[in-house]
Asks: 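A single structure is presented below for examination.
As the structure lists them, so they are numbered: ligands from 1, and atoms in each ligand from 1.
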Amino acid sequence: MDDFSRLREIMVASQLIPRGIKDNRVLEAMRKVPRHLFMPLPLWGVAYEDNALPIGEGQTISQPYMVAVMTELLELAGDERVLEIGTGSGYQAAVLAELAREVYTVERIGSLADNARECLAGLGYTNVVVLTGDGSRGYEEKAPFDRIIITAAAPQVPEIIIGQLKEGGIVVAPVGERFSQIVVKGRKARGVLVEEFQVPCVFVPLVGEYGWKS
Ligand code: SAH
């Protein structure tokens, strides 16, 4: 076991299991994905600590617990097509790629999308497509999706996104004010979202047509 896998073991045992993450497939993915490789080299030493960290362009890679909790809420069994909005580093996309069949992830900042694409390809993920653009409008070309995860904060889940979710599908997203939100899980039933879960969080804003304006 190398030093980084040992740090991942400790991360899972001290940050995830005690806070209630139970899904074994999620825990296994968190043990496996090399989070440090999605960060700038100077941050590798703190990559497995209990924090969000800067990845450039004023954006962040989410805290490990937040990645785990949102992933668990998606209830992935392995055969899903998933849309992620807010690629950032690509780390959450890698975790999703371990647990679902196909992942489409959209990032508005070109340099971050390029880095994430390169990192994911370097790790051998062939089931993730990184797109550059305004994800607040979803990704109509590949809709409908079984699951949608938004990893940037919006005033609410955009209606256009709910339209791209399959009936019975799950969306997980931080919604609320600009500097404080709650993660909501909603399941689509007869065309509308039924909310099932909430946990407080702080995400960078979703900036775009159906998010914040700047
Ligand atoms: N999931 C990421 C963390 C996301 S940080 C990870 O694992 O590292 C939120 C990201 O959402 C930022 O990179 C930000 O640029 C991006 N973002 C903000 N508004 C967006 C939009 N309208 N469409 C796509 N990406 C957006």
Side-chain angles (χ1 to χ4, degrees), residues 8 11 26 29-30 32-40 43-44 46-49 51-74 82-100 103-120 123 125 128-143 145 147-161 164 171-176 178-179 181 183 201-214:
R8 283 198 290 280
M11 172 187 84
V26 173
M30 299 295 293
K32 179 171 172 196
V33 179
R35 175 172 167 88
H36 62 287
L37 296 180
F38 292 86
M39 297 179 190
L43 292 180
W44 285 15
V46 293
Y48 295 97
E49 292 186 7
N51 299 112
L53 288 164
I55 52 168
E57 308 285 350
Q59 308 304 322
T60 52
I61 177 171
S62 307
Q63 174 197 26
Y65 170 68
M66 213 24 86
V67 173
V69 90
M70 290 175 84
T71 306
E72 183 170 69
L73 288 170
L74 287 174
V82 183
L83 174 65
E84 180 193 26
I85 299 161
T87 313
S89 67
Y91 173 66
Q92 170 78 72
V95 172
L96 296 171
E98 291 287 340
L99 298 170
V103 179
Y104 293 85
T105 180
V106 191
E107 170 57 52
R108 71 179 264 275
I109 300 175
S111 60
L112 294 180
D114 292 346
N115 284 346
R117 199 177 288 118
E118 201 178 308
C119 187
L120 289 159
L123 287 168
Y125 289 102
V128 188
V129 179
V130 180
L131 303 144
T132 308
D134 178 6
S136 76
R137 43 171 84 223
Y139 186 53
E140 193 54 55
E141 287 83 341
K142 294 287 174 183
F145 296 92
R147 303 287 188 265
I148 300 179
I149 174 171
I150 310 180
T151 58
Q156 65 268 312
V157 179
E159 211 47 55
I160 189 167
I161 303 259
Q164 294 176 18
V171 60
V172 173
V175 301
R178 201 157 169 141
F179 297 105
Q181 306 92 30
V183 168
C201 61
V202 183
F203 276 80
V204 298
L206 180 75
V207 176
E209 188 175 353
Y210 299 99
W212 300 98
K213 291 302 169 211
S214 63

Asks: What closest approach, in Å, do A47 and L53 show between heavy atoms, and which atom pair accounts for it?
Replies: CA-CD1, 4.2 Å

Asks: Is it the case that the side chains of E98 and Y125 hold a donor-acceptor pair, with the cut-off being a distance below 3.5 Å and no angle test?
Replies: yes

Asks: Does the side chain of R8 reach to within under 4.5 Å of the side chain of H36, using non-hydrogen atoms?
Replies: yes

Asks: Please state which part of L112 comes within less than 4.0 Å of ligand 1, counting heavy atoms only: side chain, backbone, both or neither.
Replies: side chain

Asks: Sub-3.5 Å donor-acceptor pair from the side chain of W212 to the main-chain atoms of P205, do we have one?
Replies: no

Asks: Please could you name the atoms of ligand 1 that Q92 approaches to less than 4.0 Å, counting only its heavy atoms?
Replies: 1 (N), 7 (O)

Asks: Within less than 4.0 angstrom of ligand 1, does V95 place any heavy atom?
Replies: no

Asks: Ignoring hydrogens, what is the shortest heavy-atom contact between E107 and A113? Give both atom names and the distance.
Replies: CG-N, 3.8 Å

Asks: Within a distance under 4.0 Å of any heavy atom of P205, pick out the atoms of ligand 1 and give their elements.
Replies: 18 (C), 19 (N)

Asks: Within ligand 1, which atoms have a heavy atom of V204 less than 4.0 Å away?
Replies: 5 (S), 9 (C)

Asks: Got the closest protein heavy atom to atom 19 (N) of ligand 1, with its distance?
Replies: V207 N, 2.9 Å

Asks: Please confirm whether the backbone N or O of E57 pairs with a side-chain atom of Q59, one donor and one acceptor, at under 3.5 Å?
Replies: yes

Asks: Would you call A116 a ligand 1 contact, heavy-atom distance under 4.0 Å?
Replies: no

Asks: I want to confirm something. Looking only at heavy atoms, which of R108, R137, E107, E209 is nearest to atom 15 (O) of ligand 1?
Replies: E107

Asks: Only heavy atoms of L206, strictly under 4.0 Å: list the atoms of ligand 1 that pass.
Replies: 18 (C), 19 (N), 20 (C), 21 (C), 22 (N)

Asks: Determine the minimum heavy-atom distance between A100 and V82, stating which atoms define it.
Replies: CB-CG2, 3.6 Å

Asks: Can you report which non-hydrogen protein atom sits closest to atom 5 (S) of ligand 1, along with the distance?
Replies: T60 O, 3.2 Å

Asks: State, yes or no, whether a side-chain contact exists between I85 and I149 at a heavy-atom distance under 4.5 Å.
Replies: no

Asks: Is there a heavy atom of S136 sitting under 4.0 angstrom from any atom of ligand 1?
Replies: yes

Asks: Rounded to the nearest 0.5 Å, what separation is found between the CZ atom of R35 and the OG atom of S62?
Replies: 7.5 Å

Asks: Sub-3.5 Å donor-acceptor pair from the side chain of R147 to the main-chain atoms of L74, do we have one?
Replies: yes

Asks: For atom 8 (O) of ligand 1, which of P174, G56, G88, S89 has the closest heavy atom?
Replies: S89

Asks: Output yes when the distance from some N or O of ligand 1 to some N or O of G86 is under 3.5 Å, and no in every other case.
Replies: yes

Asks: Which atoms of ligand 1 are found less than 4.0 Å from any heavy atom of V106?
Replies: 24 (C), 25 (N)

Asks: Only heavy atoms of G133, strictly under 4.0 Å: list the atoms of ligand 1 that pass.
Replies: 23 (N), 24 (C)

Asks: Below a 4.0 angstrom heavy-atom separation, can you tell me which part of I109, side chain or backbone, both or neither, approaches ligand 1?
Replies: side chain

Asks: Considering non-hydrogen atoms of the protein only, which is the closest contact for atom 12 (C) of ligand 1, and what is the distance?
Replies: Q59 OE1, 3.2 Å

Asks: Between G135, G90, A52, which one has a non-hydrogen atom sitting closest to atom 23 (N) of ligand 1?
Replies: G135

Asks: Under 4.0 Å from a heavy atom of S62: give me the atoms of ligand 1 that qualify, with their elements.
Replies: 3 (C)

Asks: Going by the order shown, which atoms of ligand 1 are within less than 4.0 Å of some heavy atom of E84?
Replies: 1 (N)

Asks: Under 3.5 Å, which donor-acceptor pairs do the side chains of residues 130-139 form with other protein atoms, sequence neighbours left out?
Replies:
| unit_1 | atom_1 | unit_2 | atom_2 | d |
| --- | --- | --- | --- | --- |
| T132 | OG1 | R117 | NH2 | 3.4 |
| D134 | OD1 | S136 | N | 2.8 |
| D134 | OD1 | S136 | OG | 2.8 |
| D134 | OD2 | S136 | OG | 3.2 |
| D134 | OD2 | E209 | N | 2.9 |
| S136 | OG | E209 | N | 3.2 |
| S136 | OG | Y210 | N | 2.9 |
| R137 | NH2 | E209 | OE1 | 2.4 |

Asks: For the side chain of E49 and the backbone of N51, is there at least one donor-acceptor N/O pair under 3.5 Å apart?
Replies: no

Asks: Going by atom type alone, with no hydrogens or angles, which donor-acceptor pairs under 3.5 Å involve a side-chain atom of residues 88-95 and a protein atom two or more places apart or on another chain?
Replies:
| unit_1 | atom_1 | unit_2 | atom_2 | d |
| --- | --- | --- | --- | --- |
| S89 | OG | Y91 | N | 3.1 |
| Q92 | NE2 | T71 | OG1 | 2.9 |

Asks: Could you check atom 2 (C) of ligand 1 against the protein and tell me its nearest heavy-atom contact, residue, atom and distance included?
Replies: T87 O, 3.3 Å

